[in-house]
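In what follows, a single structure is set out as structure tokens and then discussed.
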Amino acid sequence: MASSARSRSARRCLGTLSVLAISASSLALVVPAAQAADPVVVTLLNINDFHGRIDNNTTKFATTVERLRADAGEDNTLLLSAGDNIGASLFASSLAQDQPTIDVLNALDLATTAVGNHEFDRGYADLNGRVTEAADFSHLGANVYMKGTETPALEEYDVFEVAGVSVGVIGVVTEETPSLVTPTGTAGLDFGDPVEAVNRVAADLSDGDTSNGEADVIVAEYHEGAGAGTPEGATLEAEVAAGGVFAAIVEDTSPEVDAIFTGHTHKQYAWTAPVPGADRTRPVVQTGSYGANIGQIELTVDPDTGEVSASTAANVARLDAEDLTLPRVAEVKGIVDAALAKAAEIGNEPVASITGDITTAFVNGGRDDRAAESTLGGLVANALWEGMSDITDVDLGITNPGGLRAELLFAGDTAANPANTDGVVTFAEANAVLPFSNTVATVDLTGAQLDEVLEQQWQRDDKGEVPSRPYLQLGLSENVRVTTDPTRTEGDRVTSIRIDGKLVDPAATYTVSTLSFLAAGGDNFRAFAKGRMTDTGLLDADLWRGYLAGQSPISPDFARQQVVVSGNGTVVAGRPGALEVSMLDLTSLGSPANTTLDVSWTKGTETVQVGDVVVVAGAARVPLDLPARAGGGTLTLRAEPSGTTIEVPVLRAPKSAARLTVTATPRKALATRTRVLVKVKVTAADAVTGAVKVRAGGRAYEVKLNARGQGRIRIAPFKKAGARQVKVVYTGDELTTRATRTVKIQVARRR
């Protein structure tokens, strides 16, 4: 891979030596001044997160690349990628283990690519064997090392001659890769800091030592990008202010790097960012995903010094039409047509039907909001739960949002497949939802470990850092209900878990059906690895298609399984209070906006309707003043029209101490003819509703209390003289404690 071109520092050194040589010469010759070469423009075209998009848009994508290449000039253009070219692919590509995608990129003369995490979907051996052997382009991973060493596991860089200058390309992948793919596939590897790796290799490429490769222009291909914690369309300043790895990419990448391409987070931007320690800027670009845009960076370069004097950055939208007169596009057309025809043999067959769109969560008009619950995530979790009923007993199903790679859309496409009418789900469409060929696994977790899994939705990587996607919303089967309060401290944000209506017991064991990827602790859900895992060997796609077929026709379920209940998050019977409820609405296509919460409480066989509360923008404040007898019951909130249901335990209030005051008159009574008047008063912090019982002379009496807790009763004369007792007992109630007082009466003898 070493280039004969000299680096910027080497060129500067040679220029100095030439001047010294001429000054030292004694020849009386007039040497004409050398003319500086004209600047050249190097055009870098880039893709990221293509994910095997072999479909009717592939030739349009190829046409866009070729038009841009023709405009810039064949010899002045380099086509690159920031990774995830394969994996999570459409059916036509995944059916053939992404060979059609590799063939398309070969046809387009992709020069090199950073490896993405999805290049490791089938493991390192597959990437470093089958994939690299099939590709005409190099796969770069400067921060991927053999485990426990600093030995590179992949090529670190590649160098190309473009417009008469040497262009060095360094590729790195997200450090989170081990948590994003099946852990066994990367077990023999370490993934280091991507910025450190880029800077290390950039130093080699610009140090004047041709033994470690040299380049005039250096490009960094990061399979890492601006984070999911900021909204789409945020400014460069906002993304950098959010911190994390993207801030490090922008602010810490070596000044020797002239251009930065990014990927992984599927965001779209084309920025010029200040170069650290230099009075200049450089482009930072990501195209979004799926070939919808081509990233374009133009660098104006002095071919003598390798200095970049100007740059532009843009994303060019995919063209609306193909141009088959372009030779590479015509070659791509043949590859695509063959792949689609092969896929159609299986993929066009209907397997199920739906009554409406069942999709991932949408945000800002785009799919795949992994921080939100979705109708599709719930349906896949149901398949993992109910679909396993004929194989083994499981308590619930869980799936990860990143595994959902396509939608189930109601609208058909009879132009491509006459059988694909409205509501039909074909084999290919079902397969596209779960394209990773995971197996289904069961994991036995204690209730405490299940709680830990749900707590890990607030993400930390294995180094304790917050990753670029700080929150991932798990898909839960319909028999699970979870309440959370994100304002609480980390590790204590899940406030309740119910399975089949019953609160989870931390000490009990529950069997979770999930994907082998999650079962092994993928996506930073490491608590799964604490349980006992059994791999069923059943492919997730097979289970999924069978479940869809058995449930048809399937309607989208707009009820959420996890909601936010904040404030104090508790309900205490007999105490006024309120619950703040939010995240009631889904954002999947077709999801209704909830308008009311139906409020009721249940204890034993008693169910009491409390009333309705208005819901605005998926949130509501629920004022509550439940009677004391509701203590130990359950408060139920049902959102309409979605059917989202929240169950909150109704706590028994701690009882306030009751103070019992008793007076008896007369204190000295004639036994045969005097009735004693007993007055009682009960005071407490709460309203007093218990009974007062009096026992005297072998008889029992009950005193009725008024609203002020006061009452009186005359007791029968005592039959015997001497000291006698009047025992008074306040029995207590749900809110007040029991209290007892004894009054002595002196009864005179008969005269």
Side-chain angles (χ1 to χ4, degrees), residues 373-375 377-401 440-458 472-485 491-515 518-519 525 527-534 536 543 547 551 557-565 569-571 581 583-584 586 600-604 632-639 642-651:
E373 197 170 333
S374 69
T375 55
L379 185 61
V380 171
N382 282 347
L384 290 165
W385 169 50
E386 294 182 313
M388 290 290 287
S389 60
D390 293 335
I391 301 172
T392 187
D393 291 332
V394 297
D395 295 298
L396 70 158
I398 298 180
T399 191
N400 62 307
V440 178
T442 62
V443 185
D444 292 336
L445 297 173
T446 65
Q449 290 167 340
L450 178 59
D451 177 85
E452 189 176 353
V453 166
L454 293 169
E455 291 284 357
Q456 288 175 347
Q457 293 176 117
W458 291 270
L472 291 180
Q473 177 69 60
L474 292 171
L476 304 172
S477 54
E478 64 186 11
N479 67 323
V480 182
R481 291 174 186 160
V482 177
T483 60
T484 68
D485 183 355
D492 190 36
R493 290 166 175 160
V494 175
T495 52
S496 74
I497 310 168
R498 290 177 183 266
I499 298 176
D500 297 325
K502 297 180 180 178
L503 284 169
V504 163
D505 179 351
T509 298
Y510 300 87
T511 301
V512 181
S513 175
T514 188
L515 309 175
L518 267 187
F525 289 97
F528 268 115
K530 296 181 179 181
R532 185 172 64 85
M533 190 265 276
T534 302
T536 68
L543 175 74
Y547 179 76
Q551 297 295 312
D557 183 357
F558 298 116
R560 288 183 62 102
Q561 308 311 122
Q562 180 173 308
V563 297
V564 173
V565 181
T570 59
V571 179
V581 183
M583 300 295 290
L584 291 170
L586 291 177
S600 64
W601 62 270
T602 302
K603 183 177 180 182
T634 300
L635 179 74
T636 301
L637 312 174
R638 181 178 172 86
S642 73
T644 295
T645 302
I646 307 162
E647 293 172 304
V648 180
V650 181
L651 305 180

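Heavy-atom basis, side chains included; hydrogens, waters and symmetry copies ignored. As the structure is a prediction and not an experimental result, all values here were calculated from the model.
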Practice prompt. Could you tell me whether the side chain of Gln561 and the main chain of Gly378 form a donor-acceptor pair under 3.5 Å?
Written response: no
Worksheet item: Would you say the side-chain atoms of Tyr547 pair up with the backbone N or O of Met388, donor to acceptor, closer than 3.5 Å?
Response: no
Worksheet entry | Option passing side-chain hydrogen bond (donor to acceptor under 3.5 Å, both in side chains) with Arg532 (candidates Thr509, Thr511, Asp444) | Asp444
Discussion item. Let me confirm one number: the OG1-CD distance from Thr484 to Glu455, rounded to the nearest 0.5 Å.
Written reply: 9.0 Å
Discussion item. If I take atom CZ from residue Phe525 and atom CG from residue Asn400, how far apart are they, to the nearest 0.5 angstrom?
Written reply: 7.5 Å
Worksheet item: Per the side-chain contact (heavy atoms from CB on, under 4.5 Å) rule, which among Leu454, Thr399, Ile497, Ile499 passes with Leu476?
Response: Leu454
Discussion item. Less than 4.5 Å apart, side chain to side chain, heavy atoms only: is that true for Leu515 and Val380?
Written reply: no
Worksheet item: Between atom CD of Glu452 and atom OG1 of Thr446, what is the distance when rounded to the nearest 0.5 Å?
Response: 8.5 Å
Worksheet item: How far apart are the closest heavy atoms of Ser600 and Leu635, and which atoms are they?
Response: O-CD1, 3.3 Å
Worksheet item: Does some side-chain heavy atom of Leu474 sit less than 4.5 Å from a side-chain heavy atom of Leu518?
Response: yes
Worksheet item: Hey, does Val482 have a side-chain heavy atom less than 4.5 Å from the side chain of Val494?
Response: yes
Discussion item. Donor-acceptor pair, distance only, cut-off 3.5 Å: does the side chain of Asn479 make one with the backbone of Asp395?
Written reply: yes
Worksheet item: Counting distance only, does the side-chain N/O of Thr634 pair as donor-acceptor with the main-chain N or O of Thr602 below 3.5 Å?
Response: no
Worksheet item: Of all heavy-atom pairs between Leu384 and Ser513, which one has the smallest distance, and what is that distance?
Response: O-OG, 2.6 Å
Discussion item. To the nearest 0.5 Å, what is the distance between CD on Gln562 and OG1 on Thr644?
Written reply: 12.0 Å
Worksheet, complete the sentence: Closest non-hydrogen atoms of Leu586 and Asp557, given as atom of the first, atom of the second and distance, are CD1-O, 4.0 Å
Discussion item. For the CG atom of Leu584 and the CG atom of Leu637, what is their distance to the nearest 0.5 Å?
Written reply: 8.5 Å
Item to complete: Grab the two heavy atoms, one from Gln456 and one from Ala527, that are nearest each other, plus how far apart they are.
Response: OE1-N, 3.0 Å
Fill in: Contact check, side chains of Trp385 and Glu478, non-hydrogen atoms, under 4.5 Å
yes
Discussion item. We want to know whether Gln473 and Gln457 form a side-chain donor-acceptor pair, criterion being a heavy-atom distance below 3.5 angstrom.
Written reply: yes
Fill in: Rounded distance [0.5 Å steps], CG in Leu379 versus OG in Ser477
11.5 Å
Worksheet item: Which atom names give the shortest non-hydrogen contact between Gly633 and Lys603, and what distance separates them?
Response: CA-CB, 4.0 Å
Response to the item:
Residues Asp505 and Tyr510: closest non-hydrogen pair is N-OH, 2.8 Å
Discussion item. Check this for me: Asp492, atom CG, are more than 12 non-hydrogen atoms of other residues, nucleotides or ligands nearer than 6.0 Å?
Written reply: yes
Fill in: For Trp458, all residues meeting ring pair (Phe, Tyr, Trp, His ring centres under 6.0 Å), sequence neighbours excluded
Tyr471
Worksheet item: Are side-chain N/O atoms of Thr495 and Thr483 paired as donor and acceptor at under 3.5 Å?
Response: yes
Discussion item. With a 3.5 Å distance limit and no angle check, can you tell me whether Glu647 reaches the backbone of Arg498 through a side-chain donor-acceptor pair?
Written reply: no
